[in-house]
Protein chains: 2
Amino acid sequence: MAPAEHQSEDTILKAAHKVFLSRGYHGTRMQEIADEAGINKALLHYYFRSKDKIFEAIFLSSFKNFLPQILEILDSDEPFEKKINTFFSKYLDLLIKHPHIPNFIMHEVAHNPEHLQSFFKKHFESKPSKFLRQIKEEMDAGRIEKQDPKQILVSMLALAIFPFAAKPILQIVLEMSEDDFKSFIQERKKFLPEFVMRSLRKI
Amino acid sequence: MAPAEHQSEDTILKAAHKVFLSRGYHGTRMQEIADEAGINKALLHYYFRSKDKIFEAIFLSSFKNFLPQILEILDSDEPFEKKINTFFSKYLDLLIKHPHIPNFIMHEVAHNPEHLQSFFKKHFESKPSKFLRQIKEEMDAGRIEKQDPKQILVSMLALAIFPFAAKPILQIVLEMSEDDFKSFIQERKKFLPEFVMRSLRKI
DNA sequence: GTCTATATAGGGATAGAC
DNA sequence: GTCTATCCCTATATAGAC
């Protein structure tokens with residue numbers, strides 16, 4: 001890539017990412033993206049034709065960080081218990097890097113569910129089918145309690161994602177400062193694998 | 001209350017509730033609320049002075065369904081294990097009745113965290129302090145594993161709330177129809193208390 | 001209390017100079 | 001490529017008749 005050529009485009013995307021993720025589609029003003037990027041409104045339309053086009057780019061890149069990367073981990077060949085550890089460790093790290101993604105995705109998706117179906121099919125065929133099968137195998141082998149595998153998967157996602165989506169509320173209810181919250185999440189990396197495995201393990 | 005007097009006001013509130021919860025503050029048009037209520041735009045301003053005022057009313061009533069009612073259950077005098085059961089059973093029922101509240105609250109709160117602090121202090125002093133103490137007591141009595149009580153509380157909230165916030169995504173990833181999702185949630189009422197208690201119980 | 005009509009502002013998008 | 005100026009539609013809000 002030529003160095004200066006795409007500089008503005010990247011600057012715009014970074015700015016747009018920041019604004020869209022903190023304000024949502026309808027809360028975002030093109031002016032604010034321009035200010036954040038240190039350029040003019042007109043330039044936004046020069047690079048991307050419309051607000052919609054910029055949004056699409058941001059949404060796509062965000063979504064890729066929200067689910068597919070993680071589903072891949074779940075579909076790896078690691079043994080079960082090891083995989084639970086890897087999952088929480090990697091997912092929490094990812095969420096620490098992009099803490100606003102859960103809210104952003106869930107909000108936008110809830111308001112355009114029609115688009116999601118085709119969008120999903122277009123960009124990711126990855127389903128957590130291998131992981132769901134793996135859970136079944138563990139059950140059949142008598143190593144974990146018989147449960148609906150989907151309930152387990154959704155629970156794992158919930159335990160990892162929810163604290164980031166509900167952060168401001170949790171901070172108030174539990175009287176946590178920013179630092180408190182940070183160490184709460186760090187603690188959670190250790191807490192969650194144990195929490196889940198203790199629940200699953202046959203006694 | 002006089003019968004006809006407040007009819008329009010109620011109609012407006014019901015319509016506003018529906019529109020705000022499905023579209024969010026910035027996605028909501030006064031025109032759509034008016035249409036939904038079967039009245040004129042101007043009438044909205046006659047009853048409530050501005051969009052902000054209507055929103056405030058809706059947000060307040062929604063928030064009351066999202067947290068305080070549940071924190072109350074947690075601060076009751078029930079014994080521990082019974083309380084875990086009551087919590088999930090009542091909370092899931094509440095969320096079935098108001099499935100859009102989690103997304104709505106979390107989205108709006110994330111974008112106006114400044115307001116939340118004073119808002120929360122004004123309307124609810126209820127903190128889950130009794131429940132957190134109760135967890136500690138169970139630990140001290142040797143009935144459950146020693147853990148950070150806050151991690152447990154947040155996990156319980158996550159397990160209950162997340163599926164509603166992430167519903168459209170889950171439906172696609174797990175290939176669930178509306179009916180599938182409904183029964184998934186019904187199943188979850190039984191699944192969650194066991195899931196949590198198995199994890200906590202000392203072995 | 002409820003309507004129609006209108007004022008006013010805000011924000012996405014374009015024209016055109018440089 | 002980047003800017004200033006401006007168009008134009010949309011949305012909140014108000015005025016005023018009934």
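In what follows, chains are A, B, ... by sequence order, proteins preceding strands, each numbered from 1. The figures here come from the full heavy-atom set of this structure, side chains too, leaving out hydrogens, waters and symmetry mates.
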Which whole-number value in Å describes the distance from [X] [atom1] to [N] [atom2]?
X: A/L43; N: C/dA13; atom1: CG; atom2: P; answer: 15 Å
X: B/F48; N: D/dT12; atom1: CZ; atom2: P; answer: 16 Å
X: A/H26; N: D/dT10; atom1: NE2; atom2: P; answer: 13 Å
X: A/D52; N: C/dG12; atom1: CG; atom2: C1'; answer: 11 Å
X: A/I12; N: D/dG1; atom1: CD1; atom2: P; answer: 11 Å
X: A/N40; N: C/dG16; atom1: CG; atom2: C1'; answer: 13 Å
X: B/Q31; N: D/dA11; atom1: CD; atom2: C1'; answer: 9 Å
X: A/I54; N: C/dG12; atom1: CD1; atom2: P; answer: 10 Å

I want to check one thing: is the phosphate of [N], taken as OP1 and OP2, less than 4.0 Å away from some side-chain N or O of [X]?
X: B/S50; N: D/dT12; answer: no
X: B/H45; N: D/dT14; answer: no
X: B/Y47; N: C/dT2; answer: yes
X: A/R49; N: C/dA13; answer: no

All salt bridge (Lys or Arg N to Asp or Glu O under 4.0 Å) counterparts of B/D77, not counting sequence neighbours: B/K130
Axial cation check for A/F184 ring with B/K150, 6.0 Å and 45° limits: no
Please confirm whether A/F20 and A/F104 have ring centers closer than 6.0 angstrom.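 No, they do not, as the ring centres are separated by 6.0 Å or more.
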Can you pull the side chain to side chain donor-acceptor pair (under 3.5 Å) pairs that have at least one residue in residues 50-61 of chain A, sequence neighbours excluded? A/Y25-A/D52
Run the salt-bridge test on B/K167 and B/E178 with the 4.0 Å N-O cut-off and return the result as yes or no.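 The answer is yes: the pair qualifies as a salt bridge.
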Closest to the B/S8 side chain, choosing from C/dT2, C/dG12, D/dC3: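 For the B/S8 side chain, the nearest candidate turns out to be C/dT2.
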Identify, between A/Y46 and A/K41, the residue whose nearest nucleotide on DNA chain D lies closer to the 5' end.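 Final value for this comparison: A/Y46.
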